[in-house]
Amino acid sequence: MIDIQKQPDYRNIAIDQVGIKNLKYPVRVLDRSNGTQHTVAAINMYVDLPHHSKGTHMSRFVELLHSFRNDLELSLTTLSHILDEMKKILGAKSSHVDISFPYFIEKKAPKSGSPGLVDYSCRFLGSSNEKDEIDLISEVVVPITSLCPCSKEISVQGAHNQRGEVRLATRFRKFNWIEDMIEVVEQAASCEIYSVLKRVDEKFVTEQAYNNPKFVEDIVRDIAIVLNKDDNITWFELSAENFESIHNHSAYAYITSDKKELRTRQ
């Protein structure tokens, strides 16, 4: 049968990224408490396409992923291997993988100890260039509670608070637990988020937030201080968004570092 994708293309235009997007696939993720955790990821896989090629072989992306199925435990090593294989199988100079997945952590309520699962949106991004330099980024989205310092200062009774969301992406020299990234964020919030709260717990988190007011500016700065002191972190990008309870808009702050270190294959 004629393979149309192998035919030459005469428009002389290279394509930066071509591949598959939003493929749902079961994966295992390293879990600090339980060893591994099973979840379902949405996966994007791309390679570059030279100007003389008409198309790439889309089915090969899925076939490659399936070949890793029995040991598809998301780690730096696994991502690096997938990136290498993509370039080999598809004859590409560069490869890119973007994996998003929900990650669950059991958290006990602060006073009653009632357990419940809190979900976090996580993302691993990897790329390999023609020099075999590997770039890996780990990202978490962490729900938080914040209380407005200005509202507390000017009000005789109470202060307005809101649920917020912090997005933290990092590059790093060696393995970095998802839980470690989440803890850095939660410690910078007015209060953590829990899925189960009894009355005694609700009293505690309300008072804790009141005693620890934070603007979005405070949150990103406090996280940045911790990350800047961590020699394992070579680059970070973080943002905080508060879904304001007294406005029909969000409050937002963003910081990125200027540190960047690519992994070079030895």
Side-chain angles (χ1 to χ4, degrees), residues 16-17 27-33 36-37 41-48 68 72-87 92-101 103 105 120-144 164-189 216-241 252-266:
D16 296 326
Q17 294 183 1
V27 296
R28 296 194 312 276
V29 185
L30 292 176
D31 184 314
R32 192 174 64 184
S33 299
T36 59
Q37 178 178 145
I43 302 178
N44 305 330
M45 304 172 72
Y46 315 116
V47 293
D48 68 292
F68 282 87
L72 192 52
E73 180 178 278
L74 293 184
S75 67
L76 303 182
T77 302
T78 304
L79 283 183
S80 296
H81 288 166
I82 291 175
L83 290 166
D84 283 344
E85 288 301 308
M86 287 170 65
K87 290 199 294 185
K93 292 182 179 180
S94 64
S95 56
H96 310 270
V97 177
D98 182 344
I99 304 177
S100 301
F101 56 94
Y103 187 78
I105 296 178
Y120 301 87
S121 297
C122 299
R123 186 181 180 200
F124 291 159
L125 298 98
S127 64
S128 176
N129 62 22
E130 58 184 320
K131 297 179 181 179
D132 286 338
E133 292 175 325
I134 303 294
D135 186 22
L136 300 171
I137 295 176
S138 178
E139 180 181 280
V140 294
V141 180
V142 183
I144 60 166
E165 188 175 89
V166 173
R167 184 179 299 270
L168 171 61
T170 59
R171 289 184 175 97
F172 36 86
R173 293 191 174 92
K174 59 184 180 180
F175 180 76
N176 195 25
W177 287 104
I178 291 174
E179 291 87 346
D180 290 343
M181 297 173 64
I182 291 171
E183 287 172 3
V184 169
V185 172
E186 290 182 335
Q187 289 169 8
V216 286
E217 298 94 330
D218 297 317
I219 294 170
V220 294
R221 283 171 171 155
D222 287 346
I223 296 171
I225 287 173
V226 175
L227 298 176
N228 280 327
K229 292 178 180 178
D230 190 340
D231 290 336
N232 186 40
I233 304 299
T234 62
W235 169 91
F236 65 84
E237 181 179 72
L238 73 104
S239 64
E241 180 179 4
Y252 179 80
Y254 169 87
I255 292 178
T256 186
S257 73
D258 57 2
K259 296 185 294 182
K260 182 177 179 181
E261 181 178 284
L262 293 179
R263 302 170 192 276
T264 303
R265 183 165 308 289
Q266 303 297 322

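- Take Arg221 and apply the side chain to side chain donor-acceptor pair (under 3.5 Å) test, not counting sequence neighbours, and it matches no residue.
- A search for salt bridge (charged side-chain N to carboxylate O under 4.0 Å, His left out) contacts involving Glu237 returns nothing, not counting sequence neighbours.
- Partners of Ser100 by side-chain contact (heavy atoms from CB on, under 4.5 Å), not counting sequence neighbours, listed by chain and number: Asp98, Arg123.
- Counting heavy atoms from C-beta on, the side chains of Val142 and Leu168 never come closer than 4.5 Å.
- When the ring-ring contact (aromatic ring centres under 6.0 Å, His included) test is applied to Tyr46, no partner is found at least two apart in sequence or on another chain.
- Evaluation of the ring-ring contact (aromatic ring centres under 6.0 Å, His included) rule for Tyr120 yields no partner, not counting sequence neighbours.
- Considering every non-hydrogen atom in both Leu238 and Ala224, the closest pair reads CD2-N, 4.2 Å.
- Looking only at side-chain heavy atoms (C-beta outward), Val226 and Phe236 stay at 4.5 Å or farther from each other.
- Every residue meeting the side chain to side chain donor-acceptor pair (under 3.5 Å) condition with Ser94, not counting sequence neighbours, appears here in chain and number order: Asp48.
- Evaluation of the side-chain contact (heavy atoms from CB on, under 4.5 Å) rule for Tyr252 yields Ser239, Glu241, Tyr254 as partners, not counting sequence neighbours.
- Scored by the side chain to side chain donor-acceptor pair (under 3.5 Å) test, Asp222 finds Lys214 as partners (sequence neighbours excluded).
- The side chain to side chain donor-acceptor pair (under 3.5 Å) check on Glu179 picks up Tyr103, with sequence neighbours excluded.
- Every residue two or more places apart in sequence or in another chain was checked for a salt bridge (charged side-chain N to carboxylate O under 4.0 Å, His left out) with Glu165, and none qualifies.
- The salt bridge (charged side-chain N to carboxylate O under 4.0 Å, His left out) test applied to Glu183 returns Arg32, not counting sequence neighbours.
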